[in-house]
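Report on the following structure.
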There are 2 protein chains.
Amino acid sequence: MTDQRRIAGLPGLGEIGLGNFAPYLMNRIMGRYNASLRADLAGLGLTTPKMRALAVLSVIDAPLIRELAVYAVVEQSTLSRALDQLAGEGLIQRETDAGDSRATRVHITEAGRAAFGAIWPQMAAAYARMFQGIPEDERRAFVATLQKMLGNIRKHDF
Amino acid sequence: MTDQRRIAGLPGLGEIGLGNFAPYLMNRIMGRYNASLRADLAGLGLTTPKMRALAVLSVIDAPLIRELAVYAVVEQSTLSRALDQLAGEGLIQRETDAGDSRATRVHITEAGRAAFGAIWPQMAAAYARMFQGIPEDERRAFVATLQKMLGNIRKHDF
DNA sequence: CAGAATTAAATGCGTTTGCAAATATCCCGG
DNA sequence: CCGGGATATTTGCAAACGCATTTAATTCTG
């Protein structure tokens, strides 16, 4: 089967090797990163979608919910429910868009910024561990490649 | 708040910028990659955990379930149930380990290889799109950095 | 070598998720 | 300016998930 595939012109996962297949490595790394963070978040009454919404909102002002869903990498229905909770806890506010009453803009509150501030050190620590021993120029090249990849994904919209 | 953080010596997410924060970019990219794949998988009666198990098993022979969980980046309890389904569909076989009767080794069947073969082209296509326009040496450097990162998180076990 | 502690895997259970459908609003062609 | 189609968000619902616990077997310790 593997041989058939290769003859057809498409190298199989076996030929590439798990440890050389970038999407595998990225899932593996982010799986750990996210699982680690989730444990920390639980102690603060946060979930991954809630934290991601706060993270984006700490940087982007008053996006529409559908934009926030893209930035935060959360399904819109999941985000909708996460925002219910965040609003109930006073960490964000929803406001109907001025020019389009279907749409909703989301604002972070001071309490929301404080909540994100409380987890940021753990995120930064996980980040630091991840890149430990990797020199600055290599980090920059890595991020530059990621940015190209994001551009590709956006363009092709998958 | 942001200023307080910086004064304390820790740059905030605002200073770094979402688009320069590697974990954010990686989550963003893999979020799309995984969501896209999930849609393709649904048509084949597969879920992400089932596909990941098959992917790893197509490359690693007869791992223990706990090893498979690590390689496949799936919670052990989730994997246990995914394996129930895969076994029911004849795509894998579970076998008690010879030297330790608590442990179970998992084997992929020919049908399992075929099932993975059916989705691999889509995975490969998503991979190709992701790295479109990125030259070979840059890809190699990127993967090398990922391998270092995986080493870091493994060593520190988070 | 008994029994405590550890490890592997499966399972119970409440929560979360994602898809699809519903609801509400907007935009455009005729 | 009316109706059909598009768009923004929410919600219903069944499936999936993850944590904690259970069951079973192994290993360590005194």
Side-chain angles (χ1 to χ4, degrees), chain A residues 27 31-53 62-88 92-107 157, chain B residues 27 30-53 57 62-89 92-107 157-158:
Chain A
N27 266 325
R32 289 286 189 124
Y33 174 86
N34 291 326
S36 159
L37 226 46
R38 189 170 44 235
D40 295 332
L41 290 167
L44 299 167
L46 288 173
T47 61
T48 300
K50 286 165 74 178
M51 174 277 281
R52 288 187 178 178
L64 298 175
I65 289 180
R66 83 185 145 77
E67 295 169 343
L68 182 57
V70 173
Y71 287 127
V73 198
V74 177
E75 275 287 316
Q76 199 187 307
S77 61
T78 300
L79 179 60
S80 178
R81 285 181 263 247
L83 293 176
D84 286 347
Q85 293 185 41
L86 289 170
I92 60 134
Q93 274 180 245
R94 277 189 272 213
E95 179 192 33
T96 301
D97 183 72
D100 184 343
S101 62
R102 289 171 304 182
T104 304
R105 296 199 171 273
V106 186
H107 306 266
D157 189 46
Chain B
N27 266 324
M30 294 320 289
R32 289 286 189 122
Y33 174 85
N34 291 327
S36 159
L37 227 47
R38 189 170 44 235
D40 295 332
L41 290 168
L44 298 167
L46 289 172
T47 61
T48 300
K50 286 165 74 178
M51 174 276 283
R52 288 188 178 177
L57 290 170
L64 297 176
I65 289 180
R66 84 188 144 76
E67 295 169 343
L68 182 56
V70 174
Y71 287 127
V73 197
V74 177
E75 276 287 316
Q76 195 261 324
S77 62
T78 300
L79 179 60
S80 178
R81 284 181 263 249
L83 293 176
D84 286 346
Q85 292 186 41
L86 289 170
E89 294 157 7
I92 61 132
Q93 273 180 244
R94 278 188 271 211
E95 180 192 32
T96 300
D97 182 72
D100 184 344
S101 62
R102 290 171 304 181
T104 304
R105 297 199 170 274
V106 185
H107 305 265
D157 191 46
F158 75 99

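The chains referred to below are lettered A, B, ... by the order of the sequence lines, with proteins before strands, and numbering in each begins at 1. Below, each value reflects all heavy atoms present in this structure, side chains not excepted, and no hydrogens, waters or symmetry copies. These numbers come from a predicted model, not from an experiment.
- In this structure, the CG atom of B/L79 is 13 Å from the C1' atom of D/dC17, given to the nearest Å.
- A straight line from CD of B/Q76 to P of D/dG18 spans 12 Å, rounded to a whole angstrom.
- Looking at every heavy atom in both residues, A/L68 comes nearest to A/P63 through CB-CG, 4.2 Å.
- Whole-Å rounding puts the A/L64 CG to D/dT9 C1' distance at 11 Å.
- A salt bridge does not link B/D100 with B/R105: none of the charged nitrogens is closer than 4.0 Å to a carboxylate oxygen.
- Between B/L83 atom CG and C/dA8 atom P the separation is 16 Å, expressed in whole Å.
- For the pair B/T78 and B/P49, the tightest heavy-atom approach, listed with the atom from each and the gap, is CG2-CG, 4.0 Å.
- Side-chain atoms of A/K50 come within 3.5 Å of backbone N or O of A/G45 as a donor-acceptor pair.
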Mark up nucleotides 16-29 of chain C, 5' to 3', with B wherever a protein heavy atom is under 4.0 angstrom from a base atom, S wherever such an atom reaches only the sugar-phosphate, and - elsewhere.
-> -BBB----BBS---
Protein-nucleic acid N or O pairs under 3.5 Å, nucleotides 1-5 of chain D:
none

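- Atom P of nucleotide D/dA15 and atom NZ of B/K50 are separated by 13 Å, given to the nearest angstrom.
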Could you give me the CA-CA distance, side-chain angles and deciding distance for A/T48 and A/L37, then say whether side chain to side chain contact (heavy atoms under 4.5 Å, CB included) is met?
-> CA-CA 8 Å; A/T48 300; A/L37 226 46; over 6 Å; no
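- Closest of all the heavy-atom pairs between B/A53 and B/L86 is CB-CD1, 4.0 Å.
- In the helix from C/dC1-D/dG30 to C/dG30-D/dC1, the terminal helix axes, each the rotation mapping four pairs' C1' atoms onto the next four within five end pairs, subtend 30°, rounded to 10°.
- Rounded to whole angstrom, the span from the CG atom of B/D97 across to the P atom of D/dT26 amounts to 10 Å.
- Contact detail for A/S80 and A/R94: the closest heavy-atom pair is O-NH1, 3.6 Å.
- The shortest non-hydrogen separation linking B/V73 to A/N27 is CG1-O, 3.7 Å.
- D/dT10 atom C1' lies 16 Å from atom CZ of A/R66, rounded to whole Å.
- When side chains are defined from C-beta on, B/R81 does not count as touching B/V74, because their heavy atoms never get closer than 4.5 Å.
- Residue A/R94 places at least one side-chain N or O under 4.0 Å from the OP1 or OP2 atom of D/dT10.
- Atom CD of A/Q93 has 12 or fewer heavy atoms from other residues, nucleotides or ligands within 6.0 Å.
- In this structure, A/R105 atom CZ and D/dA8 atom C1' are separated by 12 Å, rounded to whole Å.
- Nearest approach of B/A103 to B/L64, heavy atoms of both residues: CB-CD2, 3.7 Å.
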